[in-house]
Amino acid sequence: MESVVIKLGGSVITKKDEPLKERIETINNLSSQISSVCNDLNLCIVHGGGSFGHYIAKKYAIHIGLPRIKIGLSILEMEMRRLNLIVAKSLINHGVPVIQISPIDIFSTKGDEINVFHSKPILDAINKGYIPLLYGDVVFDEEKGCRILSGDQICLELAKIISARKIVFCMDTMGIYDKDPKKHNDAKLIKKISKEEVKRLISNFSKGDDVTGGVVNKLLVAYEAANMGIKSIFINGFYHNMLMRVLRNEDYIGTEIY
Ligand code: ATP
Ligand code: IPE
């Protein structure tokens with residue numbers, strides 16, 4: 001069976017401009033698409049933080065290390081688990097057999113590197129026919145105290161251990177454009193990008209507002225994935241059945257980085 005990692009972007013599953021607000025209809029719609037293919041694939045699902053994670057992380061300045069207000073980290077972890085529960089409930093209601101796994105329990109970092117990844121719970125779940133469900137999370141860091149480990153980075157780690165050849169990123173745009181499509185009306189969607197071209201693109205894009213670096217972070221992950229023979233596909237998570245089409249290897253509109 002083909003192994004695939006799916007990232008449900010925070011700007012798709014939450015209202016990014018409204019703190020702690022999920023988009024339940026969109027989550028249900030994505031769950032229904034996943035349920036139509038979940039028996040034919042080895043899947044891992046990861047979701048972003050959106051207006052749960054990024055909002056709390058900024059409020060307590062958690063992205064720069066342990067917060068001055070200690071409880072802030074506890075609140076961030078609690079709110080991410082709450083969002084994870086909302087996503088898990090929706091997937092389970094649609095018949096998708098997910099097992100929730102919290103990244104803070106299995107990952108820790110040292111500087112920019114992941115130095116501990118306890119992958120057994122993930123592999124055990126997959127071997128028993130379940131689908132691990134993780135999320136971008138705060139994790140403990142040996143130097144800084146803590147840091148945000150983005151869902152995108154977690155996707156890459158999962159792809160490596162389950163030998164996935166494909167990571168599908170559901171975003172709130174149709175894919176990767178030559179410039180930010182929200183700021184430029186004439187931005188053009190790039191359908192295919194080779195790993196050599198990605199490097200050039202990364203240096204052209206300035207960093208976004210998000211604590212995990214927005215689209216630049218995605219491209220860095222896609223570049224690293226491409227170097228390992230894993231392709232990244234960027235699609236619009238709001239678009240009718242687009243995720244299902246990609247998972248079924250049918251035609252889709254989006255960006256492939258290879
Ligand atoms: P999602 O993956 O659903 O977008 P996310 O929160 O992980 O959730 P962001 O970090 O918000 O994603 O990054 C996506 C955003 O990056 C888009 O909404 C878009 O406005 C912005 N963006 C900036 N430059 C580009 C570009 N060249 N191509 C596509 N999106 C871009
Ligand atoms: C961020 O995860 C998690 C936290 C801020 C705790 P992501 O970086 O994967 O989230 P999105 O998809 O950009 O919202």
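Numbering of ligands and ligand atoms starts at 1, following listing order.
Under a 4.0 Å criterion applied to the non-hydrogen atoms of Phe205, ligand 1 contributes the atoms 27 (N). The atoms of ligand 2 that sit less than 4.0 Å from any heavy atom of Gly9 are 12 (O). Residue Lys7 approaches ligand 1 through these ligand atoms, each under 4.0 Å from one of its heavy atoms: 7 (O). Heavy-atom contacts of Tyr177 reach the following atoms of ligand 1: 26 (C), 27 (N), 28 (N), 29 (C) (cutoff under 4.0 Å). For ligand 1, the atoms sitting less than 4.0 Å from at least one non-hydrogen atom of Pro181 are 25 (C), 26 (C), 28 (N), 29 (C), 30 (N), 31 (C), numbered in the order shown with element in parentheses. Short contacts between ligand 1 and Asp172, defined as distances under 4.0 Å to a heavy atom of the residue, involve ligand atoms 3 (O), 4 (O), 17 (C), 18 (O). Atom numbering of ligand 1 starts at 1 in the shown order; those under 4.0 Å from a heavy atom of Val12 are 3 (O). Near Gly151, with a cut-off below 4.0 Å to any heavy atom, the atoms of ligand 2 are 2 (O), 7 (P), 9 (O). Atoms of ligand 1 lying under 4.0 Å from at least one heavy atom of Gly175, given by number and element, are 28 (N), 29 (C).
Interatomic distance, Glu224 CD to Asp152 CG, rounded to the nearest 0.5 Å: 12.0 Å. Note that the CG atom of Leu156 and the CD1 atom of Ile161 stand 11.0 Å from one another [nearest 0.5 Å]. In this structure, CZ on Phe205 lies 6.0 Å from CG on Leu219, to the nearest 0.5 angstrom.
Considering backbone and side-chain N/O of Asp178, none are found under 3.5 Å from N/O of ligand 1. Considering backbone and side-chain N/O atoms, Cys170 comes within less than 3.5 Å of an N/O atom of ligand 1. Between Asp152 and ligand 1, no pair of N/O atoms sits closer than 3.5 Å. Note: an N/O pair closer than 3.5 Å links Gly49 and ligand 2 by distance alone. By the 3.5 Å distance cut-off applied to N or O atoms, His54 is not counted among the residues near ligand 1. For a threshold of 3.5 Å applied to N or O pairs, the pair formed by Gly10 and ligand 2 contains at least one separation below that value. Below 3.5 Å of separation, one finds no N or O of Ser11 facing any N or O of ligand 2.
Under the 3.5 Å distance criterion, with hydrogens and angles disregarded, a donor-acceptor pair is assigned to the side chains of Asn29 and Gln33.
Of the candidates His184, Met171, Lys16, Lys188, it is Lys16 that places a heavy atom closest to atom 6 (O) of ligand 1. The closest heavy-atom contact to atom 2 (O) of ligand 2, among the options Gly50, Gly136, Gly214, comes from Gly136.
Without hydrogens or angle criteria, Asp172 side chain to Val12 main chain gives no donor-acceptor distance under 3.5 Å. Not a single donor-acceptor pair under 3.5 Å links the side chain of Asp137 to the backbone N or O of Val139. Although no hydrogens or angles enter the test, the distance criterion places a donor-acceptor pair under 3.5 Å between the side chain of Thr14 and the main chain of Ser51. Between the Ser108 side chain and the Phe140 main chain, no donor and acceptor come within less than 3.5 Å of each other.
A salt bridge is absent between Glu113 and Lys110: the closest approach of a Lys/Arg side-chain nitrogen to an acidic carboxylate oxygen does not fall below 4.0 angstrom.
Residue contact check for ligand 1: Lys218 places a non-hydrogen atom closer than 4.0 Å to it. The shell of residues lying under 4.0 angstrom from ligand 2, judged by heavy atoms, includes Lys7.
If you look at Lys182 next to ligand 1, the close heavy atoms, those under 4.0 Å, all belong to the side chain. The backbone and the side chain of Asp180 each have at least one atom closer than 4.0 Å to an atom of ligand 1 (non-hydrogen atoms only). The residue Ser150 has no part lying near ligand 1, judged by heavy-atom distances below 4.0 Å.
Counting only heavy atoms from C-beta outward, the side chains of Ile253 and Leu189 approach each other to under 4.5 Å. In this structure, Phe107 and Ile154 have side chains that are in contact, with non-hydrogen atoms separated by less than 4.5 Å. No side-chain heavy atom of Ile101 sits under 4.5 Å from any side-chain heavy atom of Asp105.
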Query raised in the report: So Asp40 and Arg248, salt bridge (charged side-chain N to carboxylate O under 4.0 Å, His left out) or not? Walk me through it.
Result: CA-CA 9 Å; Asp40 308 320; Arg248 287 186 175 166; over 6 Å; no

Query raised in the report: Between Thr173 and Met171, is a side-chain contact (heavy atoms from CB on, under 4.5 Å) present by the stated rule, with each step listed?
Result: CA-CA 5 Å; Thr173 58; Met171 308 174 63; 3.6 Å; yes

